[in-house]
Structures are given as C-alpha cells and as structure tokens.
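Only one structure is covered here, and it is reproduced in the block below.
Numbers here simply count residues along the sequence, with the first being 1. As the structure lists them, so they are numbered: ligands from 1, and atoms in each ligand from 1.
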Amino acid sequence: MPRAPYIFSALSTVSHSPYQERTVGETVLRLCDDLSQAGVEEARLEAELLVAHVMGKERAHLLAAWGEPMSPAALPLLADLVERRVRREPLSYLVGWREFYGLRFAVRSGVLIPRPETETVVDAALRLAAQRYGDAPVVVDVGCGCGAIAAALATHLPRARVYAMDNARIPVEVSAENFRRHRVEERVTLLEGDLLAPLTEPVDIVVANLPYVRSGDFAAIQPEVLWEPREALDGGPDGLAVILRMLGQLTGKVRTGATVLMECDPRQAELLVREAKRRFPGCTTKVLQDLARLDRVVEVLL
Ligand code: GLN
C-alpha cells in the first residue's frame, strides 16, 4: 500500500514534526519520493520546482540553499500544493506559470498549458515570416489560450502585427496579462469570438493550436490533462472538427499567398492534408515534425 505523503503525517504531528527540522535538500528528496509514488513522471524536477516556489525563489537557487533549514512559514503552502499535485493537478497550475519558447507565461485553471511540441509552430511561423513576408507579416493566433504562440511571435518579430483570439473569457484575460508581461500588448490585438470570426483584416499567416484530441482518447489520457479545459482539447470523434471548421472560415480572412499552420495529432496529419487540398485546390502542403519526430504541424500555402 502506498504510504501517505509525509506532508500529511507531518501535519498530524505538528507538536513534534520531524518535517519542520528538515533542510531544503532533505525536503526536495522526500518530496521527490512522494511525487514519484503518486505516479508523477518528472518527480525530481517537480519537487525542486515546488520547493523553490514556496521559498519564493528560482530553482537555480536551491543548490546554494541545499543545507539550510526549510522555513516553517513555507510549510503550510507546501502541504497544500503537494496534496493537489498528488491528486494530479498539473504543476503549472500550482506554481502559476509555464515556460514556452524561452518565455515564462502565466497560466491557471481554465487555460491550456503550453506544450513543447507547440514550439514547432512558432519555429515554422518565424521561418515563413523571413522567407515569404519580409519579417513583417500580419499574423493571427486562433485559439490563443494563454497567448504563448502570439507572444513568442510578437517578441521575435518586432515588425509584425499580431492578432490573438479565443472564444473563452479566461484565456482572453490570461493572454492580456501575458502580453503585458512580455511588453507586446501594443502590437498584439486581442479579440474574443468564434475562431476567425472576429478578425477585422486579412492576414499573411494563420497559426492554430486548436483542440485535436479525439473524444474517445480521453478515457486513457494522462490524469493531468483532465484538469485542463476540455473545450481546448476535444476535437470531436476524429479530432478534426474544430480545425476543419476554422478552414471553412478562411475565405476573406487571408491575403493572397497566405500560409496556415495547424498543430495536429500525428495520426491526423495525412487526413488534414487531404482535407486542405480538397478545400483549396492548388494549395501547397507540408507536414512538419516536432522534436520527438512526430508529424505535428500541417503547413498549407494557399
Ligand atoms: N498536445 C495536446 C495533448 O495531447 C493536445 C493539444 C490540443 O488539443 N491542441 O495533450
């Protein structure tokens, strides 16, 4: 039987808690154990991030503080966060941020947590901006979530004009916060509405990390993902429902020679290419791989 995380046992013996006499390093090691028992994959990294978070420090600071006693003031918060993490709430929601494309983004319950594979979309958009649009494209990030793609593009393309859009309140609020945080709010127009509908000018590049998980796949999905907004993930029975609806809205929303970059499930890439060719005869398509060499992004030159 898995033992109870030490935090709980520590709290139940508050009067004489061994926990309160631990050093920072001991706390990290013990936490790592507890998280790994709870099925958390990157237990060591997460233990370090959680301990650093409750200390109000960066993870890099831990080594210097390794032998110091853990501050008792940080323990109640740590206990609360560990309890939530053991229930498999994502670490990013607990600490309130996630790194993407070298930038730190605010995230909270109600927005999708940016994934490393989505950096492939940013790489592709930056390459296209340079190759086809003189580094000054008009770009839209449709279904922007926390604003990660839009902010990364605005940061790396200072001459671009960027639109970011989402149909839900929390993503729009969190995106606004992230655009301010990265000082791109003047160059990113944030709009709320259904997919491309709110767009007021035709664009050169459409980037889209829309929901693409097949509804049937939720039964076996990693428990952390169930804490994220289902409407940001669920792409219907074949995973393509929302992406295809967006393709149906493109007419009038893009300039001549525009490019569409769509993140997708690797099993869906071929079908998505076929659908794009059927809808836009004469378009050129490419499938791009993520760092795990999975077919992750479909590029369509209209
Ligand atoms: N890659 C994400 C996942 O599998 C899905 C993101 C999405 O649907 N846009 O958790």
Side-chain angles (χ1 to χ4, degrees), residues 39-42 46 85 88-94 98-101 105 107-125 139-153 164-168 170-172 174-175 178 194-196 205-247 249 260-273 275-276 287-300:
V40 171
E41 268 168 38
E42 293 188 280
E46 293 208 7
R85 191 66 191 93
R88 306 300 293 274
E89 188 171 343
L91 179 83
S92 302
Y93 288 163
L94 305 186
R98 172 76 180 204
E99 220 145 89
F100 177 82
Y101 220 78
F105 289 92
V107 291
R108 59 181 153 98
S109 173
V111 291
L112 189 77
I113 299 163
R115 315 279 206 261
E117 57 267 30
T118 304
E119 296 183 341
T120 310
V121 176
V122 177
D123 281 336
V139 184
V140 63
D141 176 7
V142 53
C144 62
C146 74
I149 301 177
L153 291 178
M165 324 205 290
D166 206 286
N167 66 353
I170 297 177
V172 170
V174 175
S175 285
N178 281 319
D194 178 51
L195 297 173
L196 291 169
I205 302 177
V206 177
V207 292
N209 177 20
L210 292 169
Y212 58 73
V213 178
R214 303 182 203 188
S215 308
D217 287 348
F218 281 90
I221 213 157
Q222 221 191 320
E224 281 81 0
V225 181
L226 298 173
W227 292 82
E228 296 185 270
R230 176 93 178 213
E231 59 277 19
L233 290 157
D234 194 335
D238 68 359
L240 288 180
V242 186
I243 297 177
L244 295 183
R245 208 159 61 72
M246 185 276 292
L247 284 182
Q249 293 182 348
V260 185
L261 291 165
M262 294 165 284
E263 184 173 325
C264 67
D265 182 312
R267 297 167 299 176
Q268 248 63 16
E270 214 176 296
L271 180 56
L272 184 51
V273 164
E275 283 292 336
V287 177
L288 312 173
Q289 296 188 326
D290 63 18
L291 288 177
R293 297 185 185 244
L294 296 167
D295 291 344
R296 184 61 69 184
V297 178
V298 170
E299 175 184 323
V300 182

(request) May I ask you to identify the nearest protein heavy atom to atom 10 (O) of ligand 1, giving residue, atom name and distance to one decimal place in Å? (result) Arg115 NH2, 2.8 Å
Pairs of donor and acceptor atoms involving the side chains of residues 236-246, under 3.5 Å and at least two apart or interchain, shall be tabulated with distances.
| residue | atom | partner | partner atom | Å |
| --- | --- | --- | --- | --- |
| Asp238 | OD1 | Leu240 | N | 2.8 |
| Arg245 | NH1 | Asp194 | OD1 | 3.3 |
| Arg245 | NH1 | Asp194 | OD2 | 3.0 |
| Arg245 | NH2 | Asp194 | OD1 | 2.9 |

(request) Examine distances only and state if a side-chain atom of Ser175 and a backbone atom of Pro171 form a donor-acceptor pair shorter than 3.5 Å. (result) yes
(message) Between Glu46 (side chain only) and Val40 (backbone N and O only), is there a donor and an acceptor less than 3.5 Å apart?
(response) no
(request) Identify the residue among Glu224, Glu99, Glu228 that makes a salt bridge (charged side-chain N to carboxylate O under 4.0 Å, His left out) with Arg115. (result) Glu228
(message) Suppose I only count heavy atoms of Glu117 and a 4.0 Å limit; which atoms of ligand 1 are within that range?
(response) 1 (N)
(message) Can you tell me if Glu228 contacts ligand 1 (heavy atom of the residue under 4.0 Å from the ligand)?
(response) no
(message) Could you check whether any heavy atom of Ala232 sits closer than 4.0 Å to an atom of ligand 1, since that is the contact criterion I want to use?
(response) yes
(request) Of the side chain and backbone of Ile221, name the one, both, or neither that has a heavy atom under 4.0 Å from an atom of ligand 1. (result) neither
(request) Identify which one of Asp123, Val121, Asp290, Val287 satisfies the side chain to side chain contact (heavy atoms under 4.5 Å, CB included) criterion when paired with Val297. (result) Val121
(message) When you compare the side chains of Tyr212 and Glu263, does any donor N or O come within less than 3.5 Å of an acceptor on the partner?
(response) yes
(message) Could you identify the single nearest non-hydrogen protein atom to atom 4 (O) of ligand 1 and state the distance to 0.1 Å?
(response) Val213 CG2, 4.2 Å
(message) Give the atom numbers and elements of ligand 1 that come within less than 4.0 Å of a heavy atom of Leu210.
(response) 7 (C), 8 (O), 9 (N)
(message) Is there a polar contact, in the sense of an N or O pair closer than 3.5 Å, between Tyr212 and ligand 1?
(response) yes
